[in-house]
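Only one structure is covered here, and it is reproduced in the block below.
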Amino acid sequence: MRALYPGSFDPLTLGHLDLIERAAGLFDGVVVAVLMNPSKQPAFPLERRLQQIRCATEGIAGIEVGHFDGLTVTYAQACGAQVILRGLRAMSDFEFELQIAHTNRTLAPRVETLFMATAAHHSFLSSSVVKEVARFGGDVGHMVPPGVAIDLERLFNRQAAPETRYG
């Protein structure tokens, strides 16, 4: 059975990577796919996010990396996934994700949604939090894979105004 793990992954965090590793042990294949959302302005372009995921997952068997726009269930069907994997950090995530899962079920009844709780030590992580910490020069090495940490440092060192950079 194949699973689809969709997201913006802007950037990929260790919480995302934890779910990918655990899913790889449960499914015959996992497609990690970047959703191209025209209403969001990502920090990293699509190709960079795909490369970050490829680098972070290169030692994990059964992982494919892709991208899509449009409905997640449509892409799940196109890539042969029977399950859409969603990570939950808090109860607020569940309410939103449950609504989406019910909608997806009406659109594609044969595609299931599986919720996986994020590991407790990663439950505070979100891509938004990571970008905020990196933007202000904080260490994100314990939040993201090494290559992503380097990309964030490069991104925000280039964009930071001199008066916002400390020591």
Side-chain angles (χ1 to χ4, degrees), residues 1-131 140 142-148 151:
M1 186 178 301
R2 286 169 59 89
L4 169 64
Y5 183 30
S8 62
F9 305 110
D10 186 41
L12 180 75
T13 70
L14 292 179
H16 294 132
L17 192 55
D18 171 63
L19 258 61
I20 292 166
E21 290 169 343
R22 290 166 45 211
L26 297 173
F27 296 98
D28 299 324
V30 177
V31 178
V32 181
V34 176
L35 168 62
M36 298 179 299
N37 186 340
S39 66
K40 287 187 177 182
Q41 185 63 34
F44 292 104
L46 172 65
E47 284 304 319
R48 189 69 209 138
R49 287 181 280 158
L50 293 170
Q51 187 59 34
Q52 289 170 346
I53 297 166
R54 285 186 195 106
C55 287
T57 62
E58 68 184 350
I60 307 170
I63 301 298
E64 296 175 34
V65 179
H67 62 89
F68 69 103
D69 57 8
L71 295 173
T72 301
V73 290
T74 303
Y75 184 72
Q77 291 170 319
C79 71
Q82 297 82 24
V83 173
I84 297 171
L85 176 65
R86 300 300 297 166
L88 299 176
R89 294 168 298 187
M91 197 63 179
S92 57
D93 287 347
F94 178 74
E95 292 176 20
F96 173 75
E97 292 294 345
L98 183 62
Q99 212 173 18
I100 302 256
H102 286 314
T103 302
N104 286 342
R105 184 80 174 177
T106 67
L107 297 170
R110 293 180 185 234
V111 177
E112 294 288 344
T113 298
L114 174 66
F115 300 117
M116 289 181 70
T118 303
H121 60 281
H122 294 308
S123 63
F124 69 97
L125 284 177
S126 72
S127 294
S128 298
V129 165
V130 168
K131 286 184 283 194
V140 294
H142 63 293
M143 300 178 185
V144 296
V148 175
D151 284 350

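If you're wondering where the values come from, they're calculated on a predicted model, not measured in any experiment.
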What distance do [X] atom [atom1] and [Y] atom [atom2] have between them, rounded to the nearest 0.5 Å?
X	Y	atom1	atom2	value
R86	L98	CZ	CG	12.5 Å
L125	L17	CG	CG	11.0 Å
H67	L46	NE2	CG	5.5 Å
I53	R48	CD1	CZ	11.0 Å
R54	E58	CZ	CD	11.5 Å
L114	L4	CG	CG	12.0 Å

M36 atom CE, neighbour heavy-atom count above 12 within 6.0 Å: yes
F96 atom CZ: more than 12 heavy-atom contacts under 6.0 Å: no
Set of salt bridge (Lys or Arg N to Asp or Glu O under 4.0 Å) partners for R49, sequence neighbours left out: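 With neighbours one apart ignored, the set is empty.
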Aromatic ring pairing F68/Y75, orientation class (parallel under 30°, perpendicular over 60°, tilted between):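 Ring orientation of F68 relative to Y75: parallel.
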Option passing side chain to side chain contact (heavy atoms under 4.5 Å, CB included) with Q52 (candidates V34, V144, V148, T57):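 With Q52 as partner, V34, V144, V148, T57 yield a single side chain to side chain contact (heavy atoms under 4.5 Å, CB included), made by V148.
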Side-chain polar contacts of residues 5-16 - donor-acceptor pairs under 3.5 angstrom, sequence neighbours left out - could you list them?
unit_1: D10; atom_1: OD1; unit_2: A43; atom_2: N; d: 3.4
unit_1: D10; atom_1: OD1; unit_2: F44; atom_2: N; d: 3.0
unit_1: D10; atom_1: OD2; unit_2: A43; atom_2: N; d: 2.7
unit_1: D10; atom_1: OD2; unit_2: K131; atom_2: NZ; d: 3.2
unit_1: T13; atom_1: OG1; unit_2: G15; atom_2: N; d: 3.2
unit_1: T13; atom_1: OG1; unit_2: H16; atom_2: N; d: 3.2
unit_1: T13; atom_1: OG1; unit_2: H16; atom_2: ND1; d: 3.3
unit_1: H16; atom_1: ND1; unit_2: T13; atom_2: N; d: 2.9

Polar side-chain atom of [X] near backbone of [Y] as donor-acceptor pair, under 3.5 Å:
X	Y	answer
R2	V31	no
S126	V129	yes
Q82	G80	yes
R89	T118	no

For residues [X] and [Y], determine if any side-chain heavy atom of one lies less than 4.5 Å from a side-chain heavy atom of the other.
X	Y	result
I84	V111	yes
H102	T106	no
M143	H122	no

Over all heavy atoms of both residues, which pair between [X] and [Y] is shortest? Give the atoms and the distance, please.
X	Y	result
I60	A24	CG2-CB, 3.5 Å
A3	A81	C-CB, 3.9 Å
V73	A108	CB-CB, 3.9 Å

Residues which pass side-chain contact (heavy atoms from CB on, under 4.5 Å) with A23, listed by chain and number, not counting sequence neighbours: F27, V30, L85
